[in-house]
Engineer: 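Would you mind keeping the following structure in view while I ask a few things?
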There are 2 protein chains.
Amino acid sequence: MSQVFWMTIYPAPILTVDVVLLELREETLWVGILQRGDAPYSGSNALPGGFVHTDEDANTEATALRIIREKTGLNGVFCEQLGTFSSPDRDPRGWSATVVYYALVRGERPTETALKWVPVDEPGDLAFDHNAIVAAATDRLRAKGSWSNLPAFLLPPTFTYSELRRTYELVLGTNLNDSAFRRKMDEMNLIEPVVGQKSKATARPAQLFKLKSEAICSLNRRI
Amino acid sequence: MSQVFWMTIYPAPILTVDVVLLELREETLWVGILQRGDAPYSGSNALPGGFVHTDEDANTEATALRIIREKTGLNGVFCEQLGTFSSPDRDPRGWSATVVYYALVRGERPTETALKWVPVDEPGDLAFDHNAIVAAATDRLRAKGSWSNLPAFLLPPTFTYSELRRTYELVLGTNLNDSAFRRKMDEMNLIEPVVGQKSKATARPAQLFKLKSEAICSLNRRI
DNA sequence: AAAATAGTGTCTGTGAGACAGTATCGC
DNA sequence: GCGATACTGTCTCACAGACACTATTTT
């Protein structure tokens with residue numbers, strides 16, 4: 001290991017991977033947190049995270065997906081790199097960097113886990129620099145929501161026009177015109193109808209739709 | 001150091017910082033590369049990069065700015081995190097991650113340095129995964145160019161409408177309508193005239209402009 | 001029938017492309 | 001004068017907001 005060579009000059013920074021799990025429920029965006037057991041910040045709330053398992057992780061995204069699987073039991077969620085946060089002070093163990101991913105949980109939150117959900121705008125005091133990281137993740141979601149199909153990944157696989165529009169409204173923090181939204185969605189060719197009908201109890205049922213592609217894609221127009 | 005605890009379980013990944021220096025010259029985007037002296041990939045071309053100096057770098061961006069300063073002598077260039085690239089194979093020394101920044105050099109390339117400049121679209125074979133990283137950086141530049149003032153940072157501090165439009169055209173790979181571009185720039189309030197005039201030798205001199213703010217900002221409309 | 005939500009049709013203002021027309025320089 | 005580039009004015013089309021209107025369900 002020639003790694004020893006430079007480690008004698010500069011100690012290797014601590015490298016971790018953290019995940020911002022985001023979920024939409026009851027008209028609010030929630031972030032998943034865990035109470036830490038080990039030091040540092042033992043007992044504090046923090047984002048789920050961990051070290052790279054160099055024997056099994058193909059890259060830091062694989063680490064993030066493994067952490068998501070371990071903490072929530074979920075597979076196949078939308079997961080994207082947010083950025084790397086670093087400083088000499090953010091971790092009392094020394095100079096550290098954390099590669100952060102954010103993930104969107106579709107529909108129902110997983111149960112039977114230690115994960116707690118708190119509103120993204122009032123997550124309370126989190127360990128490390130995790131408050132700043134949560135803020136950066138919501139900024140990214142709101143920014144990217146205006147020109148991509150990202151908000152759709154906060155919904156279950158099938159959804160109505162109204163649910164999709166309401167999701168965009170909550171992510172973007174604005175009200176959207178109903179007919180203009182339908183027009184844009186129709187023309188942008190992102191969603192397709194499913195034969196089943198939504199059995200909304202109170203009024204006329206709505207057509208259910210699903211994404212044509214399970215991949216994130218940018219829109220030629222703004223929402 | 002409780003760092004020892006987890007290092008006994010998983011060896012710490014190698015963490016580096018790399019910089020994609022981009023420059024616009026002769027109607028082409030160029031990327032700055034260095035010939036490597038040390039192993040691995042000794043003799044190959046690679047992006048300028050290095051390890052975090054934990055005694056002096058406040059974060060990985062500071063590392064990137066220090067690398068830019070050391071390799072080009074430039075201060076105050078636009079520099080932004082592109083992302084972190086990682087894998088067990090990208091560095092023969094072991095599992096590694098590199099935090100990549102891209103920087104835009106304004107106007108004249110620095111001389112008297114070991115830096116070589118190659119076209120971003122044909123950079124030749126680069127060490128590590130640096131070809132993929134250069135491609136990701138140009139993708140980011142092209143994407144962000146369409147909704148921000150980013151391309152202006154490829155120009156000298158003062159420039160004409162025509163030069164700014166040409167820069168956007170080269171970054172975006174499309175032709176832009178002259179009068180529409182002027183209208184948008186006027187309304188978006190990003191640039192302001194400077195009293196001096198450009199002394200273009202061949203024809204009518206053009207008004208020089210400068211950015212109102214030296215910060216990157218997103219546009220409310222697309223270019 | 002009334003209430004409620006789903007979905008459609010049409011008017012209108014605004015912004016962007018197209019392009020003609022004017023201005024100012026070197027020669 | 002002419003060529004060249006800088007800049008301005010105007011026409012038109014397309015898109016998005018507004019909103020009235022119709023449709024289909026539950027109660």
Side-chain angles (χ1 to χ4, degrees), chain A residues 26-27 145-149 151-152 155-156 158-210 218-223, chain B residues 26-27 145-149 151-152 155-156 158-210 218-223:
Chain A
E26 294 163 13
E27 304 261 303
S146 64
W147 52 269
S148 76
N149 63 350
L155 285 172
T158 62
F159 45 80
T160 67
Y161 265 127
S162 299
E163 289 166 347
L164 184 59
R165 179 172 49 79
R166 187 69 193 134
T167 302
Y168 270 94
E169 287 177 343
L170 290 166
V171 166
L172 301 179
T174 56
N175 284 340
L176 299 171
N177 183 277
D178 178 41
S179 70
F181 184 81
R182 287 168 188 270
R183 229 176 2 211
K184 273 182 273 193
M185 278 295 153
D186 285 351
E187 288 164 13
M188 286 189 296
N189 209 30
L190 282 178
I191 61 177
E192 59 185 349
V194 186
V195 278
Q197 292 257 333
K198 174 103 190 247
S199 58
K200 198 79 192 303
T202 57
R204 173 179 172 180
Q207 178 63 52
L208 284 173
F209 292 84
K210 68 186 181 82
S218 55
L219 313 180
N220 34 0
R221 310 183 200 166
R222 309 208 116 215
I223 291 292
Chain B
E26 294 165 12
E27 305 261 303
S146 65
W147 52 270
S148 77
N149 64 350
L155 284 172
T158 62
F159 45 80
T160 67
Y161 265 127
S162 299
E163 288 165 347
L164 184 59
R165 177 171 50 79
R166 188 68 194 136
T167 302
Y168 270 94
E169 287 177 343
L170 289 167
V171 166
L172 302 178
T174 57
N175 284 340
L176 299 172
N177 184 277
D178 178 42
S179 71
F181 184 80
R182 286 166 187 271
R183 227 176 4 211
K184 273 183 274 192
M185 278 295 152
D186 285 349
E187 287 164 15
M188 286 188 298
N189 208 31
L190 282 178
I191 61 177
E192 59 185 349
V194 186
V195 278
Q197 291 255 334
K198 174 106 187 246
S199 58
K200 197 77 188 305
T202 57
R204 174 178 172 181
Q207 177 64 52
L208 284 173
F209 291 85
K210 68 187 183 80
S218 56
L219 313 179
N220 34 1
R221 311 183 200 164
R222 309 208 116 215
I223 290 293

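Everything numeric in this text was worked out from a predicted model, so none of it was measured. Numbers restart at 1 for each chain; the letters A, B, ... are given by sequence-line order, proteins then strands. The analysis underlying the following values was restricted to heavy atoms, covering all of them including side chains, and did not include hydrogens, waters or symmetry mates.
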Engineer: Output the rounded distance in Å from CE (Met188(A)) to P (dA14(D)).
Structural biologist: 18 Å
Engineer: Look only at the side chain of Gln207(A) and the backbone of Pro193(A), and say whether a donor-acceptor pair between them is shorter than 3.5 Å.
Structural biologist: no
Engineer: Find the distance Leu208(A):CG to dT25(D):C1' and express it as a whole number of Å.
Structural biologist: 15 Å
Engineer: Given that Phe181(A) and Gln207(B) both sit by DNA chain D, which one's nearest nucleotide is further toward the 5' end?
Structural biologist: Gln207(B)
Engineer: Nearest-Å distance, NZ (Lys184(A)) to P (dA18(D))?
Structural biologist: 11 Å
Engineer: Roughly how many Å is it from CZ in Arg165(A) to C1' in dA6(C), rounded to a whole number?
Structural biologist: 10 Å
Engineer: Quickly work out the Arg166(B) CZ to dA6(D) P distance and round it to whole Å.
Structural biologist: 13 Å
Engineer: For Ala206(A) and for Leu176(B), find the nucleotide of DNA chain C with the closest heavy atom, then tell me which residue's nucleotide is more 5'.
Structural biologist: Ala206(A)
Engineer: So, under a plain 3.5 Å distance rule, would you say the side chain of Asn177(A) forms a donor-acceptor pair with the base of dA18(D)?
Structural biologist: yes
Engineer: I'd like to know if the side chain of Asn149(B) and the backbone of Ala152(B) have a donor-acceptor N/O pair within less than 3.5 Å.
Structural biologist: no
Engineer: Just to be sure I understand the rule, does Ser179(A) reach a base, reach only the sugar-phosphate, or reach nothing, if contact means heavy atoms closer than 4.0 Å?
Structural biologist: base
Engineer: Tell me which nucleotide among dC25(C), dC7(D), dA16(C) gets nearest to the side chain of Pro205(B).
Structural biologist: dC25(C)
Engineer: Is there, by distance only and without an angle test, a donor paired with an acceptor across the side chain of Arg204(B) and the base of dA23(C) below 3.5 Å?
Structural biologist: yes
Engineer: Taking atom P of dT22(D) as reference, at what distance in whole Å does atom CZ of Arg182(A) sit?
Structural biologist: 17 Å
Engineer: Rounded to whole Å, please give me the gap between CD in Glu163(B) and C1' in dT5(D).
Structural biologist: 12 Å
Engineer: Check this for me: does the side-chain of Arg183(B) come within 3.5 Å of the base of dG17(C) through a donor and an acceptor?
Structural biologist: yes
Engineer: Return the 5'-most residue of the pair Glu187(B), Ala203(A) with respect to DNA chain C, ranking by each residue's nearest nucleotide.
Structural biologist: Ala203(A)
Engineer: Please answer whether the main-chain N or O of Lys184(B) pairs with a side-chain N or O of Glu187(B) as donor and acceptor at a distance below 3.5 Å.
Structural biologist: no
Engineer: Does dA4(D) have OP1 or OP2 sitting under 4.0 Å from an N or O in the side chain of Thr202(B)?
Structural biologist: no
Engineer: Parallel, tilted or perpendicular: which fits the ring planes of Tyr161(B) and Phe209(B), with parallel below 30° and perpendicular above 60°?
Structural biologist: tilted
Engineer: May I ask you to say whether Asp186(A) pairs ionically with Arg182(A), meaning some side-chain N is under 4.0 Å from a carboxylate O?
Structural biologist: no
Engineer: Within this structure, what is the CG-to-P distance between Asp186(B) and dA6(D), rounded to whole angstrom?
Structural biologist: 15 Å
Engineer: Can you identify which nucleotide, out of dC7(D), dG17(D), dC19(C), has its nearest atom closest to the Asp178(B) side chain?
Structural biologist: dC7(D)
